[in-house]
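The next block holds one structure in the form of structure tokens; read it before the comments.
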2 protein chains.
Amino acid sequence: MADGRGVSSQTGENLLFLTDEQLRQAIEAMFFAYRGFTADPDRILVDMAYGRAHHRAIHFINRAPGTTVNNLLGLLGVTKQSLNRVLRTLIADGLVQSQVGKSDKRERHLHLTEAGRTLEQTLSDAQRMRMRAAFRDAGPEAVAGFRTVLETMMDPEMRHSYARLKENGA
Amino acid sequence: MADGRGVSSQTGENLLFLTDEQLRQAIEAMFFAYRGFTADPDRILVDMAYGRAHHRAIHFINRAPGTTVNNLLGLLGVTKQSLNRVLRTLIADGLVQSQVGKSDKRERHLHLTEAGRTLEQTLSDAQRMRMRAAFRDAGPEAVAGFRTVLETMMDPEMRHSYARLKENGA
DNA sequence: GAGTTTACGTCAGGGTTGTTGACTTTCCAA
DNA sequence: TTGGAAAGTCAACAACCCTGACGTAAACTC
């Protein structure tokens, strides 16, 4: 707060935010906040036969329409058997559409159907509402800091995926 | 959808960080960052027969020594049957000690054994290392913002638990 | 054109985590 | 003292994810 980041000096109050106690608190904050983060969509999904895995699939298919199964696998960080089970139910229920690739027929391109988009909207509305409230209360600078830390915390590979999605959406 | 809900407000650019697109990005950041956040302890736990649930139990028992099962339940947000299974293995493996309450014999007070503390240290070292690196790179102001947003994002009940733990540790 | 690689799907088997339901022990209050 | 509530435990089951292996079709390579 007082001064920027006096990294050069190893000692002193500058690095108070790096004490073990501070880090422990941050770990707990991350844990509790993530609980809140997923709570709203979870409540909606529980009424259907769906779980968090379905939400994640729907989110990223919406975010990167036409994405292939393989690409989605990388984003979600699960095995294809795991994803396949989720995808199968979503396709069977008419929320997701799978198209054989034109240039490469081995690939399946995934899109949300109208019903899929509706559910996606419902879920993400709930999640964004909480986010928006938190962001509004915390203010722009806190939000900027929030995102900086989150991005720094990711694995490099995830950071790349994240950046690419960001460009898409922007 | 780069349109913005925030834009509808009179203040314009001030609320740019509240656009749907910004919020979507934050949701993804949260998702990817949490993956990184749990990755290191997960790698360690996979070698033992343990999972993330064990880690969480160990973390909070270490953080609030002598806590009761019921209290832990509230922190973890799972059913007591679920926690019990985890606790049973931890006790059987000699990582956690369960003492019948003195004033109320229905209660069990939980402590880490020496072996439990060792494992806790190993796990939290790994997790803190990543946190520390992220915090160092992001700088104190970003860290402050990070924590502000996380705290605002929690359910009120979790916020109370979080605050109480914070006082304990400080 | 034969052999290899890639993308996708599926079956079998197992693990952790979570749930509900039923139970014991202990406490407390009518 | 008796009935209800609370704390904890045990058992059965479902969801989700994982590994490993196999199969098919299409693309690529030599």
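We name chains A, B, ... by the order of the sequence lines, and we start the count at 1 in each one.
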Length of the CZ-C1' vector between B:Arg108 and C:dT24, whole Å: 10 Å
Joint hydrophobic cluster, A:Met48 plus A:Leu112, side-chain heavy atoms closer than 4.5 Å: yes
Ion pair A:Glu120/B:Arg24, N-O distance below 4.0 Å: yes
Separation of C:dT16 P from B:Leu87 CG (nearest whole Å): 16 Å
Sugar-phosphate only, base, or nothing, as touched by A:Thr89 at under 4.0 Å among non-hydrogen atoms: nothing
Sugar-phosphate only, base, or nothing, as touched by B:Arg52 at under 4.0 Å among non-hydrogen atoms: sugar-phosphate
Phosphate contact (D:dC16 OP1 or OP2) by A:Ser82 side-chain N/O below 4.0 Å: no
Side-chain N or O of A:Arg88 closer than 4.0 Å to phosphate OP1/OP2 of C:dG9: no
Base C:dT6 paired with A:Arg106 side chain (donor-acceptor, <3.5 Å): yes
Salt bridge flag under 4.0 Å for residues B:Asp20 and A:Arg128: yes
D:dC17 phosphate, OP1 or OP2, under 4.0 Å from A:Arg56 side-chain N/O: yes
5'-most by nearest nucleotide on DNA chain D - A:Thr79 or B:His109: B:His109
Length of the line joining A:Leu110:CG and C:dA7:P, which is rounded to integer Å: 14 Å
A:Glu157, CD: over 12 other non-hydrogen atoms inside 6.0 angstrom: no
B:Asp42 CG to D:dC18 P, straight-line distance once rounded to whole Å: 11 Å
Separation of C:dT10 C1' from A:Ile91 CD1 (nearest whole Å): 14 Å
Separation of C:dT5 P from A:Glu107 CD (nearest whole Å): 19 Å
Sugar-phosphate, base or nothing in reach of B:Gly77, heavy atoms under 4.0 Å: nothing
N/O (side chain, A:Asn70) to phosphate O (OP1/OP2, C:dC8) under 4.0 Å: yes
Sub-6.0 Å ring centroid separation between B:Phe60 and A:Phe31: yes
Between D:dA25 (P) and A:Lys102 (NZ): distance, integer Å: 22 Å
Base C:dG18 to side chain B:Gln81, donor-acceptor N/O within 3.5 Å cut-off: no
Candidates D:dG8, C:dC27, C:dT19 - which lies nearest the side chain of B:Lys105: C:dC27
Below 4.0 Å: OP1/OP2 of D:dG8 and any side-chain N or O of B:Asn84: no
Flag, side chain of B:Ser98 to backbone of B:Arg108, donor-acceptor distance under 3.5 Å: no
Under 4.0 angstrom between B:His54 side-chain N/O and C:dT17 OP1 or OP2: yes
For atom CG of A:Leu73 and atom P of D:dC18, their distance in whole Å: 9 Å
